[in-house]
Protein chains: 2
Amino acid sequence: MHRHEGHDACPGDAVDMLARAESLCRERGLQFTPLRRDVLEVVAASGKAQGAYDIAERLSVPGKRVAPVSVYRALDFLMEQGLVHRIASRNAFIPCAHVHAPGEGVIFLICRTCGGVDEESSQDLESGLGRTLERAGFTPAHSILEVEGDCGLCRDRKQAS
Amino acid sequence: MHRHEGHDACPGDAVDMLARAESLCRERGLQFTPLRRDVLEVVAASGKAQGAYDIAERLSVPGKRVAPVSVYRALDFLMEQGLVHRIASRNAFIPCAHVHAPGEGVIFLICRTCGGVDEESSQDLESGLGRTLERAGFTPAHSILEVEGDCGLCRDRKQAS
DNA sequence: GGCGGCGGTGATACACTGTAACACTCGCGC
DNA sequence: GCGCGAGTGTTACAGTGTATCACCGCCGCC
C-alpha cells in the first residue's frame with residue numbers, strides 16, 4: 001500500500017513508531033502517556049488516514065469510553081512532536097514516516113482507491129516552491145501539499161482487471 | 001492585499017468576475033441564477049477567504065434568510081465551473097483570479113496577518129511536482145498546495161513599526 | 001390545454017469536526 | 001501537608017458539511 005523511495009529513514013511499522021516516540025519524548029523530557037501511546041498506535045497501525053472520531057471509537061471499549069476531545073489533545077501533542085501529520089483535505093491523521101530535517105517540506109500522496117497515504121519529500125520541489133514564493137514576495141511559515149490520485153499498486157490492479 | 005504577477009489574465013474585481021461568470025455559463029449552456037450570482041459576488045467582493053456560513057449570513061436579510069445548504073450548492077456549482085476555489089486549510093472559499101489552462105496547478109498564498117489570499121501558478125513548480133510524482137509511481141488527479149505566511153505588504157508594515 | 005420530467009431552491013434534520021470550560025487526579029517539590 | 005502544573009474526563013457547544021423531502025418554474029411532448 002505504501003511506497004517509500006528515496007528516504008533516509010523509513011521506520012514503517014507501528015512497533016518502531018512507538019519505540020521512536022518513546023525515546024524522543026524521553027530525550028525531550030516529555031510524557032509519553034498511555035493515552036498518547038494508544039492514539040499513536042491506532043494511527044500507526046492503519047495504513048490509511050484516521051479521523052479523530054474513528055480513533056476515539058477504536059480506543060473505546062464497553063465500560064471505558066475515550067472522548068474525541070481527549071484524542072484531539074493527544075493528536076495535538078503528537079503533531080507538535082512531529083510524530084503524526086494532519087491531512088487537511090481529509091480531516092484525518094497519519095503517522096509520520098520520516099525523520100524530518102528541520103524546515104523540510106513534505107508532500108502527501110493520497111490514493112483515492114485504497115486510501116493509503118504516502119509521504120514524500122523533494123528537494124527539487126522545495127527549491128521550485130522557494131523560487132515561486134520569492135517571486136511573489138511572500139514569506140512562508142508553513143505549507144501543505146497534498147496530491148490525490150492513484151498509487152502505483154492500485155493503478156496496476158485497475159489495468160489488470 | 002493581493003499581488004498578481006506573471007499572470008495572463010487578472011480580472012481582479014467583482015464586476016469583471018460576474019461578467020466573466022455570466023458569459024462562461026451562457027457559453028456552456030448553464031444557468032447563472034440569482035443565487036449563484038449573489039454567492040459569487042460575496043466571494044469576489046471580499047479580499048479574504050469566506051466561509052460558507054459567512055456567505056449565508058451575508059446574503060440573509062431580515063425576512064429573507066439564505067440557508068447554508070443553498071450556499072454550498074451554489075459553491076459546488078461555482079467550483080465545478082472553476083470560478084471559485086476552496087481553501088482546504090481554512091474551510092473557506094475565494095474567487096478564482098486566473099483563467100486556468102486545463103490541468104494547470106495552482107498555489108495559494110495565504111497571509112496570516114491580513115487574511116488575503118493570492119493565487120499563483122508556476123510552471124517551474126509544476127514540473128518539479130511532476131518529477132516527484134513520477135518517481136513515486138503516483139498518478140495525480142487533483143492537488144492542493146497552500147502556503148501560509150506573510151505577504152509582502154504585511155511584512156513591510158511589520159518592519160516599519 | 002394537460003402532463004411529466006428536470007434543474008434549482010427552501011427547509012428541516014442530522015452527521016461530522018473541532019474547541020471551551022471546568023473538575024479531578026496524580027506526581028513532585030517545598 | 002500543601003501548592004502547583006500537566007494530563008485527563010466530562011459536558012456543552014460552535015463550526016462545517018450532507019441527506020432528504022417538498023415545492024416551484026420551466027420546457028418539451030402528447
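Note on naming: letters A, B, ... go to the chains in the order of the sequence lines (proteins, then strands), and numbering restarts at 1 for each one. Note that the structure is a prediction, hence the values are computed from the model and not measured.
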State whether [X] places a side-chain N or O below 4.0 Å from either non-bridging phosphate oxygen (OP1 or OP2) of [N].
| X | N | answer |
| --- | --- | --- |
| A:Asn91 | D:dT16 | no |
| A:Arg36 | D:dA6 | no |
| A:Arg65 | D:dG9 | no |

Could you work out which one of C:dG18, C:dA11, C:dG10 sits closest to the side chain of B:Val69?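 For B:Val69, the side-chain atoms sit closest to C:dA11.
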From the list D:dG9, C:dG10, D:dG17, which nucleotide is the closest neighbour of the side chain of A:Ser70?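 Ranking D:dG9, C:dG10, D:dG17 by closest atom to the A:Ser70 side chain puts D:dG9 first.
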When the distance from [atom1] of [X] to [atom2] of [N] is rounded to whole Å, what number comes out?
| X | N | atom1 | atom2 | answer |
| --- | --- | --- | --- | --- |
| B:Ile87 | D:dG15 | CD1 | C1' | 18 Å |
| B:Leu78 | C:dG8 | CG | C1' | 13 Å |
| A:Asp54 | C:dA15 | CG | P | 15 Å |
| B:Ile55 | D:dT16 | CD1 | P | 11 Å |
| B:Tyr53 | C:dT17 | OH | P | 14 Å |
| A:Glu80 | D:dG7 | CD | P | 10 Å |
| A:Phe32 | D:dA6 | CZ | C1' | 17 Å |
| A:Phe77 | C:dG18 | CZ | C1' | 20 Å |

DNA chain C: B:Leu30 or A:Arg86, which has the more 5' nearest nucleotide?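 With B:Leu30 and A:Arg86 compared, the 5'-side residue is B:Leu30.
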Would you call B:Tyr72 stacked on D:dT18, i.e. ring centres under 5.5 Å apart with the planes less than 30° off parallel?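 According to the criterion (under 5.5 Å, under 30°), no, B:Tyr72 does not stack.
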Do B:Leu75 and B:Ile55 have side chains that get closer than 4.5 Å, going by heavy atoms?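 When only atoms from C-beta onward are counted, B:Ile55 and B:Leu75 do touch, with a gap below 4.5 Å.
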Can a side-chain donor-acceptor contact be found between A:Thr139 and B:Asp150 if the only test is distance below 3.5 angstrom?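 Per modelled atom types, B:Asp150 and A:Thr139 side chains form no pair under 3.5 Å.
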Name the nucleic acid region contacted by B:Val66, choosing base, sugar-phosphate or nothing; use a 4.0 angstrom heavy-atom cut-off, strictly under.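 If one applies the 4.0 Å heavy-atom cut-off, B:Val66 turns out to touch nothing in the nucleic acid.
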Classify B:Arg90 by what it touches in the nucleic acid, base, sugar-phosphate, or nothing, heavy-atom distance under 4.0 Å.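 Result for B:Arg90 = nothing.
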For B:Phe77, does the six-membered ring have the charged nitrogen or CZ of B:Arg36 within the cation-pi criterion, i.e. under 6.0 angstrom from the centroid and within 45° of the normal?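 Flagged: B:Arg36 positioned over aromatic ring of B:Phe77.
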Presence of donor-acceptor pair under 3.5 Å, side chain of B:Arg73 and base of C:dG10: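 Present.
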Side chain of A:Ser46, backbone of A:Val43: donor and acceptor closer than 3.5 Å?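 Side chain of A:Ser46 to backbone of A:Val43: no pair is present.
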With a 6.0 Å cut-off on ring centres, are A:His85 and A:Phe93 close enough?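 For A:His85 and A:Phe93, the ring centres are not under 6.0 Å apart.
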